[in-house]
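Have a look at the structure below, then the notes.
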Amino acid sequence: MTSKLNGGLESEDGHQQVQMHPPPPSRNKPIRLKNHSAVIESYDSLYRTANPESGCGSQVCRASIWHLTDPRLSYPTPRELLPEDEEALLTSAKEFLEHYYSSIKRLDTESHRARWESVRRDVHLTGTYDLTETELTFGAKLAWRNSARCIGRIQWAKLQVFDARHVTTAQGMFEALCNHIKYGTNKGNIRSAATVFCQRKPGQGDYRIWNAQLISYAGYRNMEDGTVIGDPATVEFTEVCQKLGWVGAGTRFDLLPLVIQASNRLYPEVFTLPPELVMEVPLHHPTYDWFAELGLRWYALPAVSSMAFDCGGLQFTAVPFNGWYMTTEIATRDLGDTHRYNQLEIVAKRMGLDTRTHSSLWKDRAVIEINAAVLYSYQKMNVTIVDHHTASESFMKHMETEFRLRGGCPAEWVWIVPPTSGSLTPVFHQEMVCYSLKPSFEYQEVAWKNFQWDEEDTNTGSALGLLAAGRSAGGRRVKYRFKEVARAVKFTSNLFGKALQRRIKAAILYATETGKSEKYAHMLAELFNHAFNAQVMCMADYDVINLEHEALVMIVTSTFGNGDPPENGEAFAREVRGMANNHHSHHPIATQPKYQLGSSKTGTPLLNRVLNRDQHSLRSFSFDQLQQPSVDSLGPLSNVRFAVFALGSSAYPNFCGFGLYIDDLLGSLGGERLASVICGDELSGQEQTFKSWAQQVFHTACETFCLEDDVNIDDVSATLRRDLITSDTVRFAVVNSQEKPILDIVAGLSQTHAKNVTECPVVFNVTLAKDIDGRKTVHVGLKITSQWINGTRNSATSAVTYEPGDHIGVFAVNHQPLVTGLIDRLGINSTLPPDGPLQLQTLAEQKDGGKTWQNQERLPACSFRTLLSHYLDITTPASQTLLALLAAHASSEEDKRRLQLLATDASEYEDWKHWGFPHLLETLLEFPSVAIDAALLVSQLPLLQPRFYSISSSPLIDPLQIDITAAVIAFKTQGGEGPMHYGVCSSYLSQANEGDKIQCFFRSAPNFHLPTEIERPVVMVGPGTGVAPFRGFWQHKQALQSKGKEMGPMLLFTGYRSPDCDLFVEEKSTMVASGILDYAFLALSRHPPVRKTYVQDKLLEAAPLVYRMLTQQMGHFYVCGDCAMAEDVASTLRMVFQKAGSLNAEESDDFLMQLRNERRYQEDIFGITYRAPETVIANRRQQ
Ligand SMILES: Cc1cc2nc3c(=O)[nH]c(=O)nc-3n(C[C@H](O)[C@H](O)[C@H](O)COP(=O)(O)OP(=O)(O)OC[C@H]3O[C@@H](n4cnc5c(N)ncnc54)[C@H](O)[C@@H]3O)c2cc1C
Ligand SMILES: Cc1cc2nc3c(=O)[nH]c(=O)nc-3n(C[C@H](O)[C@H](O)[C@H](O)COP(=O)(O)O)c2cc1C
């Protein structure tokens, strides 16, 4: 980025500028630009948006004038903001905001209008306003993109912006600058960065860095003969530093100190750069050994520090930024210029060239060898550098992209063409047009030029003599002694990292159905908060437009359905996918895919829900076109480091499908992986996998941001193992219900789960079937109250409360003997009233260091019994973290040892979990010596999650009734030899009596609705309780038919073990008899002597019919139930296509894909069928 800031002025052959600066054309016409070598033309229309004052006039060309200083950036700071300034500021702010909001595609939206209003208000009240962090990052990148003199702009989107606007002292600025240098240098692998300090404010002094570059060499003038040791370019500034008390060693390559002025200080402060921070490259030549004897060296990081950043009418007067070097800047200019290190003659002589005559071309030959030496030495030390040919080529690509994306590219030919071998580079032959766009980086007066020195100082002689003494803020003279300066530096060098620590935001995004991802996200935040500013957000609450401006993004997400996102991750997935589509349409580049969508074993595509709501089909969005952007098409996330932890269960065919998908998507958008995506298997050590992933990612993130020296990563990682909450920091407070109203269950659940919970009385509860093993299925009817209607999307007058295919979420109540058992085991009765209202509280640290007890918002105030009955999950086997906590509270050595083993050994843990499936009471009884405080235990228990049921009725039959068809889970653990366990919700529902009130909520399932074109055929496959939603479907058809509306044909495929398990037998017969169901196929799998048949077999038998319905009549195909079954059905459907339609394997895949994309193949997945513990354990051992 800095590459041309101090180079490129030489244009000795003279002819170039004349032809490259034609008189400005009429402002409406695009400017035609020729490429004289490729003989192609392009048209710049972007210039129309430029400031008309900028650039050259028809009579005058100013292209070779170095510092066209913006008069608004005069020094000192204007004390007051004049009314016309306020108007100008608002005009610029408005323009910038329009630019920003149109870039995020939110122009003229509510958020744009609100933002503009707040800016206007702030400007009127305070004379200025603040950019948001995202606006600032956007503006800084754009300023680089708009820098007409910079040849390295292809990287403009990859700028790391450090927001240091909160820093108010020179000391703080110094620390931030040290971090900038450390980050940018990155051990030689240079990264572009900008650090933005506070903007100019009315009535306040400016923040300034007096150095032209953060790293530069001193120049000492010999007063007698006028010669200079060091860099002649810095002689004046070196004198400034000396007068401020700095003493250089007097060599040719002394690093200058940083001279920093904070707004609240009248005088600047001096800080010596810690040498270990500055990377330098001693220069050698690949073939001339004598070159090393010249003792030349240069620094790795070119960081311009004197320019201002002009954005939205605001001026940021201290905004150091860096890119990496182009060879000619060092070799040709810094070392070659006669008014700089002037090495050409020395080198030419060592080369044995005749320096007395131009015709020997000694200058040209020497400069090439210096270039060769610089390139060689930087590459040898692995320091990023680019030669001028490569840089020119990449600039041509950049120009091309810019013309395509925004209709032009401001470029100052004189600066862009490299100072060596100009016409050998393609940029030489390209016409360019120069104009000024905002935001921009602007030159400003050197800070000491018009600095208002103390009068006393003025009398002492030269302007620089005035700096012999410093001034404290109060005007008291402070003589800087170098010793003090050095001490300050030593002190601050220990603080490396502190300046950035906690300031780099780490966005942790989660999506979850049952709460684990959220829990892990919070654990990750605890870890990251030791070095970063970690913020946890649910994907549903995250605005995707911020994504490209994040520095660090960690994703923790599970997978649901059949490879789908959890509900609260759907919108995020869609929007990121939209971003990828958009990027892809602008950057068509082809590379190989890494992650095949549709990678499940049967090749079923993932992300049905996301895709089905999307315009683009999976196939049309091909990953091969999005992988790893090359340098000419940096993706929008090229500046984002990310890592994904995917939760899932290997019992599912699309294991961790959503996490893998998101990882691939972010990578394809140019994001940089901090670590490979990791899958945490629910069936095998998920928590431990998470913890080791979290440590690895934390470590890499610290390394990436150069914080590894400042954070003891091992100590910090230990926090993952430590209990953050102890019995001293958590308690139950007895609540006086007179003082604080206690929420009822509906309000409490609504608050805890952020759901619109309501209560529906049971109107009937019948057993539909019971098989020989005692497994039963119940049919429960619930009455929708008016509360439901008001609480959800419909008014009381509307008849439609839901659609067939939608879900109801049910909040169960834990089995009461279990609750009572726990109350007894924990000894609550003796310490707390189990039936009086309590509030869980934690001891939280205040900003002032004090501590106070705060209510834990996760749980409402209620009795301990209510907590255990309604809010907490007391049946899922304890997590390893919880077992570790129990180990810490076990008094017997035996209990402690066993618990510790379970907490740390993933294999032991999984065996224990799957064999006994122990609920909390059983665990506490298994380890009798554990004596744990009830409040501490409760704080660690997960929430009792609602269970979903596919609604088994149609609102057209009765808009105020919802039917549930639930299989009741009851099983004996330990391979059938252990105690009886009951599924929490299904057994709760099975025992519900008429009139009992069930807390529940409604969830729309738009991807499982009946076709809107009602005449289309419907094929329904639902073995077992998978028939549940289909009852709603046939009821719907029946109701429509009774109103004279004709729905298309309906086929039903169900399957059971034996006829006694068959559900809705009579109703189905009636439906068949009345023609509502055209066919009802029944598969029986355990009913000898009938041959073992599954729904898949029946589907194959009916292949011609099914195929005809799907092809000729645009039918819709629905599958409901177990995930593995759905995968098998998808495979069978392909066979149907092959059998009945004579399609080959690939055509069958394509047709199924087409059905999905057209939302004519739809799934409603319940989960997986339970597998016996011995199978699970054996499977895991095999893996
Ligand atoms: C979108 C959706 C729709 C659904 N629709 C329906 C529906 O219409 N009808 C329906 O019945 N269900 C449906 N379900 C499933 C339902 O949500 C519950 O998962 C189910 O009722 C079990 O919940 P539970 O609370 O009774 O069992 P839980 O307390 O959650 O216990 C279930 C757990 O018990 C364990 N387990 C089960 N059997 C055994 C065994 N033999 N040995 C050892 N451990 C075992 C398993 O680990 C299993 O995960 C649906 C699920 C989803 C996601
Ligand atoms: C109905 C249902 C469907 C699921 N589908 C998948 C799946 O397709 N792939 C997968 O890897 N895991 C699947 N899972 C497992 C979950 O991803 C796993 O339980 C995860 O740990 C849940 O994390 P969460 O609490 O953050 O949602 C499914 C679980 C359920 C209950």
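For clarity, every value in this text was computed on a predicted model and none was experimentally measured. Indexing begins at 1, ligand by ligand and atom by atom, following the structure's order.
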Would you call [X] a ligand 1 contact, heavy-atom distance under 4.0 Å?
X       : value
Thr973  : no
Ala967  : yes
Ile1165 : yes

Pair [X] + [Y]: ring centers closer than 6.0 Å:
X       : Y       : answer
His807  : Tyr949  : no
His779  : Phe1064 : yes
Phe1033 : Tyr1118 : yes
Phe1001 : Phe811  : yes

Checklist entry - For the side-chain contact (heavy atoms from CB on, under 4.5 Å) test, which of Ile555, Ile662, Val556 pairs with Leu509? => result Ile555
Item to check | Option among Glu513, Arg1003, His753 that satisfies the side-chain contact (heavy atoms from CB on, under 4.5 Å) test with Pro946 | outcome: His753
Considering distance alone, does some N or O of [X] sit under 3.5 Å from an N or O of ligand 1?
X       : value
Arg1003 : no
Tyr982  : no
Phe917  : no

Side chain, backbone, both or neither: which applies to [X] and ligand 1 if a contact is any heavy-atom pair less than 4.0 Å apart?
X      : result
Tyr949 : both
His807 : side chain
Val984 : both
Ser950 : both
Thr875 : neither

Next on the checklist: I'd like to know if the side chain of Gln1035 reaches the main chain of Ser954, judged simply by a donor and an acceptor atom lying under 3.5 Å from each other, with no hydrogens or angles considered.
Outcome noted: yes
Next on the checklist: Pair Lys776, Ser990 - check side chain to side chain contact (heavy atoms under 4.5 Å, CB included), show working.
Outcome noted: CA-CA 9 Å; Lys776 77 176 181 177; Ser990 77; 4.2 Å; yes
Next on the checklist: As a check for students: among Phe560, Phe948, Phe971, identify the option with a heavy atom nearest to atom 42 (N) of ligand 1.
Outcome noted: Phe971
Checklist entry - Given the rule in the side chain to side chain contact (heavy atoms under 4.5 Å, CB included) test, do Ile998 and Val780 qualify, once you have shown the distances and angles that lead to the verdict? => result CA-CA 11 Å; Ile998 306 284; Val780 181; 5.9 Å; no
Next on the checklist: At less than 4.0 angstrom from any atom of ligand 2, which residues have a non-hydrogen atom? List them by chain and residue number.
Outcome noted: Thr512, Glu513, Thr514, Gly515, Lys516, Ser517, Ser558, Thr559, Phe560, Gly561, Asn562, Gly563, Leu647, Gly648, Ser649, Tyr652, Asn654, Phe655, Cys656, Glu682, Gln686, Ile1165, Phe1166, Gly1167
